[in-house]
*Asks:* 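Here's a structure for you.
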Amino acid sequence: MQFVFSAIYIAAIVLQLLIRLPHEKKRHQLKVSKSGVTPKDKLGLVLLTLSYGVLPMMFIFTSYLNFANYEVSILGRLLGVLVQALSVFVFWRSHLDLGGNFSPLVEIQEKHQLVTQGVYGIVRHPMYASLFLWVIAQPFILPNWLAGMLNIPVFFVFYFVRVGAEEQIMLEQFGGQYREYMKKVGAVVPKLF
Ligand code: SAH
């Protein structure tokens, strides 16, 4: 039965790649005016790639990680699939709304515009919120401490390093406009009051 859930995990990654690819292509035609990339941020990205891609592929295609397997009920697995589907949806929507301002790195482009519309009117970091949903779903879909669960702490390390640097550069670029936006809109959880 695991192969069905493994296939779903791979399909979700393929969907993410299809969503991102056109944005990656466009990005290379734009000029970067300010970069906030730090070694810590790069390390975060490498760790994330390991626990989101490499370890899951090892779990799916080899038996090296079997010693770290655990059990998940079918209901838990289905819940995982639902949360992962929501994650892919938010990922798609945030790429659509961020448009030409997207970058996988912390940087400002020459014609960078502050986006506060669409899903960016609900949370300031919907792409990272979608990643958060993903890491919650992952341990249910890939029931293994290394291929499933490890991505939760890795995400938190990545998130806190990344968001600090990213909000710093946004404040430098957009000043009061970004400060106002921060007051009104929550980081990854919507502000209800
Ligand atoms: N943190 C956002 C964006 C991730 S992509 C999210 O989770 O959805 C990272 C790039 O987006 C960074 O280079 C940053 O310059 C840019 N960025 C982040 N928030 C933005 C916003 N509100 N408007 C425009 N660009 C933004």
Side-chain angles (χ1 to χ4, degrees), residues 12-53 83-138 151-192:
I13 289 190
V14 171
L15 274 177
Q16 280 190 330
L17 290 175
L18 289 176
I19 292 166
R20 178 150 289 184
L21 216 68
H23 292 269
E24 271 295 335
K25 271 193 193 155
K26 258 190 237 150
R27 190 173 75 85
H28 290 294
Q29 295 155 7
L30 301 170
K31 274 205 183 131
V32 174
S33 72
K34 210 187 280 178
S35 169
V37 180
T38 61
K40 262 197 225 162
D41 189 64
K42 277 189 189 157
L43 182 67
L45 271 179
V46 170
L47 290 178
L48 203 64
T49 310
L50 262 177
S51 52
Y52 152 97
V83 176
Q84 194 171 47
L86 183 64
S87 159
V88 174
F89 173 76
V90 177
F91 192 75
W92 165 74
R93 190 59 226 228
S94 47
H95 277 77
L96 192 73
D97 290 335
L98 196 57
N101 304 293
F102 164 76
S103 166
L105 308 171
V106 176
E107 54 194 22
I108 300 288
Q109 281 134 27
E110 256 181 6
K111 290 182 184 152
H112 209 113
Q113 284 181 329
L114 178 63
V115 178
T116 57
Q117 301 302 314
V119 77
Y120 285 83
I122 301 172
V123 284
R124 300 199 297 278
H125 300 293
M127 226 174 267
Y128 305 152
S130 102
L131 208 58
F132 184 46
L133 289 171
W134 183 283
V135 303
I136 291 173
Q138 195 172 333
N151 212 10
I152 292 180
V154 168
F155 166 79
F156 279 108
V157 171
F158 163 80
Y159 176 77
F160 285 111
V161 171
R162 166 58 68 97
V163 151
E166 192 172 309
E167 299 212 313
Q168 179 65 37
I169 207 172
M170 295 303 285
L171 280 168
E172 279 168 24
Q173 182 70 15
F174 298 104
Q177 216 186 332
Y178 197 74
R179 212 161 284 123
E180 273 305 303
Y181 177 50
M182 287 174 97
K183 271 190 210 154
K184 283 196 204 123
V185 179
V188 282
V189 180
K191 277 189 186 170
L192 294 178

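Just so you know, ligand 1 is whichever comes first in the structure, and atom 1 is the first atom listed for that ligand.
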*Asks:* Side chain of Thr116, backbone of Gly121: donor and acceptor closer than 3.5 Å?
*Replies:*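 Such a contact is absent between Thr116 side chain and Gly121 backbone.
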
*Asks:* Tabulating one pair per line, provide the atom names and distances (0.1 Å) for every N/O atom of ligand 1 that is less than 3.5 Å from a protein N/O atom.
*Replies:*
| unit_1 | atom_1 | unit_2 | atom_2 | d |
| --- | --- | --- | --- | --- |
| ligand 1 | 1 (N) | His125 | ND1 | 2.7 |
| ligand 1 | 1 (N) | Glu166 | OE2 | 2.5 |
| ligand 1 | 7 (O) | His125 | O | 3.4 |
| ligand 1 | 7 (O) | Met127 | N | 3.1 |
| ligand 1 | 7 (O) | Tyr128 | N | 3.0 |
| ligand 1 | 8 (O) | Tyr120 | OH | 2.7 |
| ligand 1 | 8 (O) | Pro126 | N | 3.4 |
| ligand 1 | 8 (O) | Met127 | N | 2.9 |
| ligand 1 | 13 (O) | Leu105 | O | 2.7 |
| ligand 1 | 13 (O) | Glu107 | N | 3.0 |
| ligand 1 | 13 (O) | Glu107 | O | 3.0 |
| ligand 1 | 15 (O) | Glu107 | O | 2.8 |
| ligand 1 | 22 (N) | Val115 | O | 2.9 |
| ligand 1 | 23 (N) | Val115 | N | 2.8 |
| ligand 1 | 25 (N) | His112 | NE2 | 2.8 |

*Asks:* Among residues at least two apart in sequence or on other chains, which ones pass side chain to side chain contact (heavy atoms under 4.5 Å, CB included) with His23?
*Replies:*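 His23 satisfies side chain to side chain contact (heavy atoms under 4.5 Å, CB included) with His95, Phe102 only.
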
*Asks:* Between Ser87 (side chain) and Val83 (backbone), is there a donor-acceptor pair under 3.5 Å?
*Replies:* no

*Asks:* What about Tyr120 and Tyr181, are their ring centers closer than 6.0 Å?
*Replies:*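 For Tyr120 and Tyr181, the ring centres are not under 6.0 Å apart.
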
*Asks:* Which residues satisfy the side chain to side chain contact (heavy atoms under 4.5 Å, CB included) test with Val37, sequence neighbours excluded?
*Replies:* Ser35, Lys42, Leu105

*Asks:* By side chain to side chain contact (heavy atoms under 4.5 Å, CB included), which residues pair with Gln113, not counting sequence neighbours?
*Replies:*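 If we apply the side chain to side chain contact (heavy atoms under 4.5 Å, CB included) test to Gln113, skipping adjacent residues, the hits are Asn101.
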
